[in-house]
Amino acid sequence: MTLSETYENDIKKVLITEEQLENRLSELASQIDSDYKGKDLLVIGILKGAIFTITKLASKIKKNVEIDFITLSSYGSDTKSSGDIKLIMDLDENVKDRNILVVEDIIDTGLTMKWLIEYLQSKGAASVEVCTLLRKKEAHIYDVSAKYVGFEVPEVFVVGFGLDYNQYYRNIPYIGVLKEEIYEK
C-alpha cells in the first residue's frame, strides 16, 4: 500500500500536486540564487513543518548555503494557533551580521514569523528574508512580509509535504485538504 492510499480516505482533495510543488520550488531556488549572487546565505528552517520544503529547496539552490534549524511552537496539538510562541530548540549558528533566509511551511496568522524575524534581528542579523511554501493571506493577523511565496492557499486545514495534524500526514508528497471530521472529533 502506498502512502497516498493509506491516507486517501482522510484527504478531502489534493490542493497542490507533487509536480506543482517541484516546479514552484525550482522557480523559487532560481530567484534566490539570483538575489543572493555573491552573498553568503544562512538558510534557517523552522522544524518540523519546513523539513520537506527546506531540503527540497536547498537541493535546488545552486550556490553554497549553510543550513540551520530552529523549533518553535504555537499550535501544540490544535488546528489553530494558541497565540503563544515557544522556543523549543534554538539555532546552532551565530546570526550576527549574516544574511538570513527563513524557510517556513506555512504562514497562517503570521504570529510565529513575526516573532522569529524580531528574534533574528535582535541577534544582529544583517538581513532577514522569508520563504514560505504556503501563505493563507485571509488568515493574517500580523503583518509579515514573505519575499518568496510558493502558493497562496484558502482558509482550509492543509497537510502533507511537512504539514501535519497531530504529527500525522507530514510525509504525504503533496498538499491536501484534511477532511473536517478528522480534526473535529
Side-chain angles (χ1 to χ4, degrees), residues 4 7-8 10-36 41 43-61 69-70 72-75 78-83 85 100-120 127-166 168-180 182-184:
S4 60
Y7 294 132
E8 191 172 72
D10 296 349
I11 302 300
K12 188 175 189 175
K13 73 176 183 176
V14 175
L15 197 60
I16 304 166
T17 67
E18 284 182 78
E19 183 179 2
Q20 289 171 310
L21 288 166
E22 191 77 29
N23 292 340
R24 185 64 181 132
L25 288 170
S26 292
E27 292 169 359
L28 292 173
S30 293
Q31 187 179 354
I32 292 164
D33 277 329
S34 175
D35 291 350
Y36 287 93
L41 182 60
V43 180
I44 297 175
I46 303 175
L47 294 178
K48 298 176 188 171
I51 191 70
F52 284 76
T53 302
I54 195 171
T55 54
K56 185 61 83 169
L57 179 68
S59 73
K60 293 173 179 298
I61 294 174
F69 295 95
I70 192 167
L72 304 170
S73 178
S74 69
Y75 280 77
D78 204 351
T79 60
K80 299 266 189 234
S81 174
S82 67
I85 304 297
I100 308 295
L101 178 64
V102 176
V103 177
E104 176 66 300
D105 55 354
I106 188 168
I107 295 178
D108 195 338
T109 65
L111 175 64
T112 301
M113 193 55 62
K114 180 182 183 305
W115 185 94
L116 183 55
I117 290 168
E118 290 171 357
Y119 178 75
L120 294 170
S127 69
V128 179
E129 295 293 350
V130 175
C131 176
T132 184
L133 181 63
L134 307 175
R135 179 170 61 187
K136 289 184 179 178
K137 208 165 185 149
E138 301 156 3
H140 276 195
I141 296 171
Y142 301 91
D143 188 28
V144 294
S145 176
K147 185 171 185 176
Y148 310 97
V149 177
F151 301 90
E152 299 279 353
V153 293
E155 184 58 33
V156 292
F157 195 77
V158 291
V159 294
F161 206 73
L163 292 117
D164 75 303
Y165 169 65
N166 245 356
Y168 291 103
Y169 308 102
R170 285 190 200 280
N171 56 331
I172 295 174
Y174 55 83
I175 304 294
V177 177
L178 192 61
K179 289 181 178 175
E180 292 86 357
I182 303 300
Y183 57 87
E184 290 179 351

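The first residue of the sequence shown is numbered 1, and numbering continues consecutively from there.
Every residue two or more places apart in sequence or in another chain that forms a side chain to side chain contact (heavy atoms under 4.5 Å, CB included) with K48 is listed here: Q167, R170. Evaluation of the side chain to side chain contact (heavy atoms under 4.5 Å, CB included) rule for N23 yields E19 as partners, not counting sequence neighbours. By the side chain to side chain donor-acceptor pair (under 3.5 Å) test, S30 is found to be paired with no residue, residues two or more places apart in sequence or in another chain being considered.
In plain terms, the two heavy atoms of Y174 and I11 that are nearest each other are OH-CG1, 3.8 Å. The two atoms that bring G110 and V144 nearest to each other are O-CG1, 3.6 Å, heavy atoms only. In terms of heavy-atom proximity, T132 sits nearest to L134 at OG1-O, 2.7 Å. Of all non-hydrogen atoms in Y7 and N171, the two that sit nearest each other are CE1-OD1, 3.9 Å. The minimum heavy-atom distance linking D35 with Y148 is given by the pair OD2-OH, 2.7 Å. When every heavy atom of V149 is checked against every heavy atom of E152, the shortest pair comes out as CG1-OE2, 4.2 Å.
If you run side chain to side chain contact (heavy atoms under 4.5 Å, CB included) between Y169 and each of L163, V158, I182, only I182 comes through. Partner of Y142 under the side chain to side chain contact (heavy atoms under 4.5 Å, CB included) criterion, out of I107, L111, D108: L111 alone.
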How far apart are the C-alpha atoms of I70 and V102, what are their side-chain angles, what is the distance that settles it, and do they pass the side chain to side chain contact (heavy atoms under 4.5 Å, CB included) test?
-> CA-CA 10 Å; I70 192 167; V102 176; over 6 Å; no
Please test I32 against L57 for side chain to side chain contact (heavy atoms under 4.5 Å, CB included), starting from the C-alpha separation and ending with a verdict.
-> CA-CA 10 Å; I32 292 164; L57 179 68; 4.0 Å; yes
Carefully, step by step, assess I44 and L120 under the rule side chain to side chain contact (heavy atoms under 4.5 Å, CB included).
-> CA-CA 10 Å; I44 297 175; L120 294 170; 4.0 Å; yes
Please step through side chain to side chain contact (heavy atoms under 4.5 Å, CB included) for the pair I46 and D105, ending with a clear verdict.
-> CA-CA 8 Å; I46 303 175; D105 55 354; over 6 Å; no
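In this structure, the side chain of K136 engages the main chain of V156 through a donor-acceptor pair within 3.5 Å. The backbone N or O of Q31 lies less than 3.5 Å from no partner atom in the side chain of S34, so there is not a single donor-acceptor pair.
How far CD of E129 is from CD1 of I117: 8.5 Å, rounded to the nearest 0.5 Å. Atom CE of M113 sits about 13.0 Å away from atom CG of D143, to the nearest 0.5 Å. Rounding to the nearest 0.5 Å gives a distance of 9.5 Å between OG1 of T55 and CG of L25. Atom-to-atom distance recorded for K147:NZ and L28:CG is 12.0 Å, nearest 0.5 angstrom. Rounding to the nearest 0.5 angstrom, the gap separating the OG1 atom in T17 from the CD1 atom in I175 is 10.0 Å. Note: I61 CD1 to L101 CG = 6.5 Å, rounded to the nearest 0.5 Å.
Annotation: side chain of L21 is in contact with side chain of L133 (closest heavy-atom distance under 4.5 Å). A 4.5 Å side-chain heavy-atom check between F69 and I54 finds at least one atom pair inside the cut-off. Y119 is not listed as a side-chain neighbour of L72, based on a closest heavy-atom distance of 4.5 Å or more. Counting heavy atoms from C-beta on, the side chains of V159 and D10 never come closer than 4.5 Å. Here the side chains of C131 and T53 are not in contact, with every heavy-atom distance at 4.5 Å or above.
The aromatic rings of Y165 and F157 stand perpendicular to each other, their planes meeting at an angle above 60°, with 30° marking the opposite boundary.
Shown here is K60, whose NZ atom has more than 12 heavy atoms of other residues, nucleotides or ligands within 6.0 Å.
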